[in-house]
Amino acid sequence: MFGRDEKVSPERLTAVQYIILAIFLLLAYGLWRLQVVDSDRYSSLAEKNRVRNVPILAPRGKILDRNGRMIVDNYPSFSALLLRDQSRDLNADADLIAQGLHVTGAEVRERVRRFAAMPQYQPIFLKEDITPDELAFIEAHRNELPELDTIMVHRRLYPRNGFIAHLVGYVGEVTEDMLNQPQFELYSPGDVVGVSGVEKQYNDLLMGKNGSRRSVVNSRGKEVQQLDSTPAIPGKQLKLTVDIDLQIAAEEALADKNGAVVAMDPRTGEILAMVSRPTFDPNNFAVHIKRDDWSKLVNDENHPLMNKAIQAQLAPGSVFKIIMATAGLQEGIAQDMKVNCAGGASFYGRYFKCWVLAEHRVHGAVDISKAIYQSCDVFFYTLAERLGIGRIAKWATAFGLGQRTGIDLPQEMSGVMPSEEWKIRNFKQKWYAGETISVGIGQGAVATTPMQLARAIGSIASGGVLRRPHVAFPQELPPNYQPAGGVPDEVKIPIDPANWQIITDAMANVVSPIGTANSAHLKDIDFAGKTGSAQTISNTAKARLANGKAKFKDNGWFAGVAPRRNPDIVVCALLEEGEHGYLAARVVSQVIKAYVEKQRQIPTKVARTAPVEVGGVWSVPDAAGDPKLQAGRFFVGIPKKPLVMATAAPGMN
């Protein structure tokens, strides 16, 4: 019995064989799937497990002034990265990470949530501009926190104290709302882009192209070998038309007064200086602005983030009288017009005062020239009545009022030039003739920006040539760049030479002893311009709202040129609640003086110390007003004092 063999039935043996065959077939199919069908997928996953791709950020292009001096530079900084190619629970490590980087765990988790939709191989920028102790924390916790890494970033370095801040603007991290806009479709979360000013206008030019670095890491995420790298392409350098020396003069002239100053070369449209007050420090945005600092800026009633040179839309006051004078002369009305100013006059059943009545005096007999340099309201009330709103709007619009100038800066405002069509379109009401009277002195519905006024006055002094302002040299921009709003580079408005001479000579008298801005007179400089003061609210509303406090004062304006005809420079100043135009004229005169003195002291290629003998031929009008040729030779002394120019914007050298 013990020796009897136990035999397996053939049926059972066959079944076992089939089961073993099925197992082998299943294993073979799985092996085929892994090695053939899904080979690319698993190869890619394996590569990602051992190869890390870290970006190399491109530095933004530097911004220079017209002479190649530094305005905006970069400085090296380290940022903390959160790598998501590790099989770790990032939310579980959030508190330890937050402790070392001096942030809250909630901030880390929110950062992870915000970028959850990004591909896992793309790291998250966790904290910018980390401190040395935070850098040391990351290095010391490589084993415990392999998902932490650092990257060098080139941060923006702007001039101190908000110098030229509104013109150059600032940068910031691209937001989720921005990523939904077509112009940002090629950007990724975490990218730093221009938010305002030149930084925004020329962002694509300044931004450059990021590179990348591939390296082999072990199971703990530690780098053991560097494979290859694609270098970053730095952003292109941008040269502006701004002159740092003139910008310094404009900033010092405006000082801490709220308002704006803009200086332009009317021959080319080049912006030489632009200031807006109050200002802000763009360095606060270079990393990440604090919530409290941001709230303080946006809630400030003086609007420090607004570039008032191109965004403040205010009544221009009596500076508008230059437009009125041009219209009156060109329409053949003002040449022989004489008005008796008794301190005011009645129009359409309402009495309109002249500004001199507040000083208990009158202008008396006034012609077009005296009306300009004495700024007689009664004369321009009368001229407005005779011209009518149609012809006033025609000439004001021709000189660019009520429309954007086309300057290459973002968010420029258009201002308002009222007309019959404008009122019907916006208010569905007809225009009343009595409304024209206030328009004649730059009040009522008229609203302009300092940039518009500078361009308009500069074009009139240039004989009717209106040029598009710009802050970057067009020849240094890409060929496909188009001016903002499609504004043409140059428009010619014919002005009769006789009328041109009347207007420009009267503007020169504005800063003479008989003018409204005699205190702004510049010795040995052919300086001309027009003062203006404009109400911010009506006298009735002012009495009701001011409550005895010094608020709602008139805005002070002045637009000046040098020389009076075919000027090299035009400067417009706005002093918010500055009350008097002559105060704004003093600001403009400082800028004009700085410009002229620099031009006179620019060194020539040949150095000279002794007086130079020069000669020439010129014309001088005789008693009848006809040109008479003059000739002569004389010696010109060379100033011993050397020319001192800024080497860079304040805080950049």
Side-chain angles (χ1 to χ4, degrees), residues 314-329 331 333-335 337-389 391-393 395-396 401 417-418 432-448 453 457 502-503 506-507 509-511 514-518 529-540 542 553-559 578-585:
L314 301 167
S318 294
V319 178
F320 187 76
K321 292 173 182 176
I322 299 301
I323 307 290
M324 289 291 299
T326 305
L329 289 168
E331 295 290 341
I333 295 175
Q335 282 85 344
M337 184 173 152
K338 300 290 192 298
V339 171
N340 181 55
C341 173
S346 295
F347 299 91
Y348 306 104
R350 178 185 166 193
Y351 187 74
F352 291 81
K353 297 178 181 179
C354 184
W355 68 270
V356 292
L357 194 62
E359 299 182 359
H360 307 290
R361 60 188 183 90
V362 298
H363 282 126
V366 181
D367 61 3
I368 181 63
S369 180
K370 183 178 179 181
I372 292 174
Y373 66 74
Q374 281 288 301
S375 198
C376 179
D377 291 339
V378 174
F379 183 94
F380 287 100
Y381 291 149
T382 307
L383 182 58
E385 180 188 37
R386 296 185 186 182
L387 279 171
I389 191 62
R391 288 191 283 191
I392 295 174
W395 285 96
L401 301 190
M417 185 56 232
Y432 293 100
E435 297 176 90
T436 308
I437 306 304
S438 295
V439 171
I441 62 166
Q443 295 275 182
V446 184
T448 66
L453 273 189
I457 300 304
I502 291 172
I503 294 168
M507 288 171 60
N509 280 331
V510 169
V511 291
I514 60 174
T516 53
N518 57 81
K530 182 69 188 79
T531 54
S533 60
Q535 290 181 311
T536 53
I537 59 174
S538 67
N539 290 328
T540 303
K542 186 187 298 185
K553 296 178 182 178
D554 294 351
N555 292 327
W557 289 90
F558 189 85
E579 293 193 88
H580 306 294
Y582 70 83
L583 297 176

Checklist entry - Checking side-chain contact (heavy atoms from CB on, under 4.5 Å) against Pro316, which of Thr448, Asn555, Leu401 comes through? => result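 Of the listed residues Thr448, Asn555, Leu401, the side-chain contact (heavy atoms from CB on, under 4.5 Å) partner of Pro316 is Thr448.
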Check: [X] side chain, [Y] main-chain N or O, donor-acceptor pair, under 3.5 Å:
X	Y	result
Glu385	Phe347	no
Thr436	Ala433	yes
Tyr582	Gly532	no
Asp377	Trp355	yes
Arg391	Arg386	yes
Trp395	Gly328	no

Give, for atom [atom1] of [X] and atom [atom2] of [Y], the distance between the pair rounded to the nearest 0.5 Å.
X	Y	atom1	atom2	value
Ser533	Lys553	OG	NZ	13.5 Å
Gln374	Ile514	CD	CD1	7.5 Å
Thr382	Ile333	OG1	CD1	11.5 Å
Ser318	Lys530	OG	NZ	4.5 Å
Ile503	Thr326	CD1	OG1	3.5 Å
Leu329	Met337	CG	CE	10.5 Å

Heavy-atom closest contact ([X] atom, [Y] atom, distance):
X	Y	result
Ala325	Phe380	N-CE2, 4.0 Å
Ile323	Ala396	CG2-CA, 3.8 Å
Val356	Cys341	CG2-SG, 4.5 Å
Tyr351	Ser346	CD1-OG, 3.5 Å
Cys354	Val378	CB-CG2, 3.8 Å
Ala315	Ala534	O-CB, 3.2 Å

Checklist entry - In chain order, what residues pass the side-chain hydrogen bond (donor to acceptor under 3.5 Å, both in side chains) check against Thr531, with sequence neighbours excluded? => result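 Once residues adjacent in sequence are excluded, the partners of Thr531 under the side-chain hydrogen bond (donor to acceptor under 3.5 Å, both in side chains) criterion are Thr516.
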Item to check | For Gln335, side-chain hydrogen bond (donor to acceptor under 3.5 Å, both in side chains) partners two or more places apart | outcome: Asn499
Checklist entry - Would Lys321 and Ser375 count as having a side-chain donor-acceptor pair, cut-off 3.5 Å? => result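 On atom types as modelled, these side chains qualify, holding a pair under 3.5 Å.
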Next on the checklist: When you compare the side chain of Phe558 with that of Leu583, does any pair of heavy atoms fall below 4.5 Å?
Outcome noted: no
Checklist entry - Is there a side-chain contact between Met507 and Ile457, using heavy atoms and a 4.5 Å cut-off? => result yes
Just distance, no hydrogens or angles: give the donor-acceptor pairs under 3.5 Å from side chains in residues 366-373, sequence neighbours left out.
| residue | atom | partner | partner atom | Å |
| --- | --- | --- | --- | --- |
| Asp367 | OD1 | Ser369 | N | 3.4 |
| Asp367 | OD1 | Lys370 | N | 2.9 |
| Lys370 | NZ | His363 | O | 2.8 |
| Lys370 | NZ | Ala365 | O | 3.2 |

Checklist entry - Are more than 12 heavy atoms from other residues, nucleotides or ligands located less than 6.0 Å from atom NZ of Lys338? => result yes
Next on the checklist: side chain to side chain contact (heavy atoms under 4.5 Å, CB included) for Phe320 and Met417? Distances and angles first, verdict last.
Outcome noted: CA-CA 11 Å; Phe320 187 76; Met417 185 56 232; 4.1 Å; yes
Checklist entry - Think Arg350 forms a cation-pi with Phe352, using NZ or CZ under 6.0 Å from the six-ring centre and within 45 degrees of its axis? => result yes
